[in-house]
Amino acid sequence: MTTMTDSSVREFKMPDVGEGLTEAEILKWYVQPGDTVTDGQVVCEVETAKAAVELPIPYDGVVRELHFPEGTTVDVGTSIIAVAVGDGAAAAAEPAQEAVADTPATAEAEEPKPEGRQPVLVGYGVATSSTRRRPRKGGQAPAGAQEASAAVQAELNGHGPAEPAAPAAPAAPVTGDRPLAKPPVRKLAKDLGVDLTTVVPSGPDGIITREDVHAAVTARSATPEPQAAPAPVTPAPSPAAAPTSYDTGRETRVPVKGVRKATAAAMVGSAFTAPHVTEFVTVDVTRTMKLVEELKQDKEYAGLRVNPLLLIAKALLVAIRRNPDINASWDEAAQEIVVKHYVNLGIAAATPRGLIVPNIKDAHAQTLPQLAGSLGELVSTAREGKTSPAAMQGGTVTITNVGVFGVDTGTPILNPGESAILAVGAIKLQPWVHKGKVKPRQVTTLALSFDHRLVDGELGSKVLADVAAVLEQPKRLISWA
């Protein structure tokens, strides 16, 4: 066996991929111990409180150890992967099997690396370290945990308890009489009534994770008779996906983390900090809908995303230009109103990970075709789950389109740091008085919420009325320009 010096091992730390983020969840590993990596190669995907981001490694070498399995939330600045570099890379490739035993990885959990992935450049925030992690003794906990899982699955399928084929997984390592676990994990275990001494750890150096506690609850719920202590069930300490929810029989509990956690905190903070006022207007948008169809046939818009949202966005930009004080924020610390001379237009987007609000930088300076291209790119990026944290920072005003769900209107909550948000309802064919006669017309309802600390009723009403006027007579996009 070849021995490597500490100086040949580089520790890649969890970077702050946004502004001031403190933690991120490892969603997926794209490498395994023994794999060769090159500078700029994406090694994993993480989810922060803002978005999912791919992390590239900043040097060449051979993966020596993955410190955390998928599904683990890791503090910024904590090492997540060890890579042998320079002379140590060749040595690391030689004992690849031993390296696998020292990492939270199993052959069954390995997945082929996706090909053709392009690295996403983000700030590394990486510093080298001469400290090596103490290798864990391999193999026994994963086997026991897999057998325990098989026993519980048999009970769930109605076949009764499975006969144990091997001794149960060992209990958690302890320091004295105290299992290794962080304070938040201890509190979670206390709240759920879990004895940490019965939980099999999957974290580095035998640390019990939140997922281990949830798995223990699952095992307990799946065991009908408490005559003997149930075999603790935990995912094998590998980069296989950790559970994102757990079933207690009558309920399913989903951990609040990542984007959903950040959104919840932001919305509560916004709702109880800024005094919201919402105004509504119903408008005939028949001419706007006709213009949308005409633009779709225009060669200048070929390949671009042309829909009502495009003209609604442009109408809001026109209204802001006519009423610039709406594009502002409240600086509580300085006790100042900050009026922005640019518009970073946010578009609320529902994604599998939760609601996100990426914004189009300097949307006020874009032509209609440019705005169409920006909207198309924003939507496609959000659907792919590739929206970067930078794309969700610095917004000044937001549009949320609840009409796509068939909803007529709503009272939107302000995006933190902004003073206004426009909700667009469903566009429906309705009876409408047009030129003195009742005719079927395309009608929608707009709702504008604003921060009453800096936007009074007059200003809010003017902005909403201007948006409605442009959508009723889209020629005002030219006459009011």
Side-chain angles (χ1 to χ4, degrees), residues 17-19 27 40 42 45-56 114 116-123 258-259 262-263 288 291-318 320-321 327 340 342-405 412 415 417-418 421-424 427 467 474 477:
V17 296
E19 293 182 358
L27 294 180
V42 173
E45 182 181 20
V46 301
E47 182 182 34
T48 70
K50 296 180 180 293
V53 179
E54 292 178 329
L55 298 183
R117 303 188 67 89
Q118 298 297 319
V120 177
L121 298 180
V122 297
V259 173
T263 300
T288 289
L291 179 56
V292 168
E293 295 305 316
E294 292 173 4
L295 293 178
K296 288 180 179 180
Q297 306 303 319
D298 193 319
K299 294 181 179 179
E300 190 174 358
Y301 293 85
L304 296 177
R305 187 182 185 88
V306 179
N307 56 21
L309 180 60
L310 170 62
L311 296 183
I312 292 168
K314 194 64 176 178
L316 178 58
L317 292 171
V318 169
I320 292 172
R321 184 167 63 247
N327 190 48
K340 312 293 176 63
Y342 58 91
V343 180
N344 290 345
L345 180 61
I347 304 295
T351 72
R353 293 190 177 97
L355 180 70
I356 64 174
V357 188
N359 61 76
I360 300 171
K361 308 299 183 187
D362 293 324
H364 68 287
Q366 296 190 6
T367 64
L368 194 60
Q370 289 172 339
L371 188 61
S374 297
L375 279 170
E377 182 179 357
L378 179 148
V379 171
S380 62
T381 301
R383 286 177 176 173
E384 294 169 1
K386 303 300 182 184
T387 302
S388 68
M392 292 183 285
Q393 296 167 359
T396 63
V397 67
T398 294
I399 296 176
T400 178
N401 186 7
V402 298
V404 296
F405 305 108
N415 206 29
E418 300 178 11
I421 179 172
L422 178 70
V424 182
I427 299 175
V467 174
L477 290 172

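Here the structure is a predicted model, which means the values were calculated and not measured.
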Seminar exercise, completed: Minimal heavy-atom distance between Ala348 and Leu355, with the atoms involved, is CB-CD1, 4.0 Å

Problem set entry | Electrostatic pair Lys386:Glu54 at N-O distance under 4.0 angstrom | yes

For this session: Please round to the nearest 0.5 Å and tell me the distance separating atom CD1 of Ile347 and atom CG of Leu378.
Result: 6.5 Å

Exercise. For the side chain of Asn344 and the backbone of Gly394, is there at least one donor-acceptor N/O pair under 3.5 Å apart?
Worked result: yes

Exercise. Just wondering, more than 12 heavy atoms not from Gln370 lying within 6.0 Å of its CD?
Worked result: yes

Exercise. How close do Asn359 and Gln393 get, heavy atom to heavy atom, and via which atoms?
Worked result: ND2-O, 3.1 Å

For this session: Answer yes or no: does atom CZ of Arg383 have more than 12 heavy-atom neighbours from other residues, nucleotides or ligands under 6.0 Å?
Result: no

Problem set entry | Minimum heavy-atom distance between Leu310 and Leu375, given as atom pair plus value | CA-CD1, 3.7 Å

Exercise. Is there a side-chain contact between Val424 and Ile399 (heavy atoms, below 4.5 Å)?
Worked result: yes

For this session: Please round to the nearest 0.5 Å and tell me the distance separating atom CG of Leu304 and atom NZ of Lys296.
Result: 12.5 Å

Exercise. Do Asn327 side-chain atoms and Tyr342 backbone N/O form a donor-acceptor pair below 3.5 Å?
Worked result: yes

Problem set entry | Steps toward side-chain contact (heavy atoms from CB on, under 4.5 Å) verdict (Leu477, Leu311) | CA-CA 9 Å; Leu477 290 172; Leu311 296 183; 4.1 Å; yes

Exercise. Given Ile421 and Thr400, is the side-chain contact (heavy atoms from CB on, under 4.5 Å) satisfied, shown in steps?
Worked result: CA-CA 7 Å; Ile421 179 172; Thr400 178; 4.0 Å; yes

Exercise. Is any side-chain heavy atom of Val306 less than 4.5 Å from a side-chain heavy atom of Asp298?
Worked result: no

For this session: For side-chain contact (heavy atoms from CB on, under 4.5 Å), just list the numbers for Lys314 and Leu371, CA-CA rounded to whole Å, side-chain angles, deciding distance to a tenth of an Å, and then say yes or no.
Result: CA-CA 8 Å; Lys314 194 64 176 178; Leu371 188 61; 4.1 Å; yes

Exercise. Nearest heavy-atom pair of Val343 and Thr396: which atoms, and what distance?
Worked result: CA-OG1, 3.5 Å

Exercise. Can you name the nearest heavy-atom pair linking Gln366 to Ser374, along with the distance?
Worked result: OE1-OG, 2.9 Å

Exercise. Can you name the nearest heavy-atom pair linking Ala313 to Leu345, along with the distance?
Worked result: CB-CD2, 3.7 Å

For this session: Determine whether Pro308 and Ile427 make a side-chain contact, defined as any pair of heavy atoms from C-beta on separated by less than 4.5 Å.
Result: yes

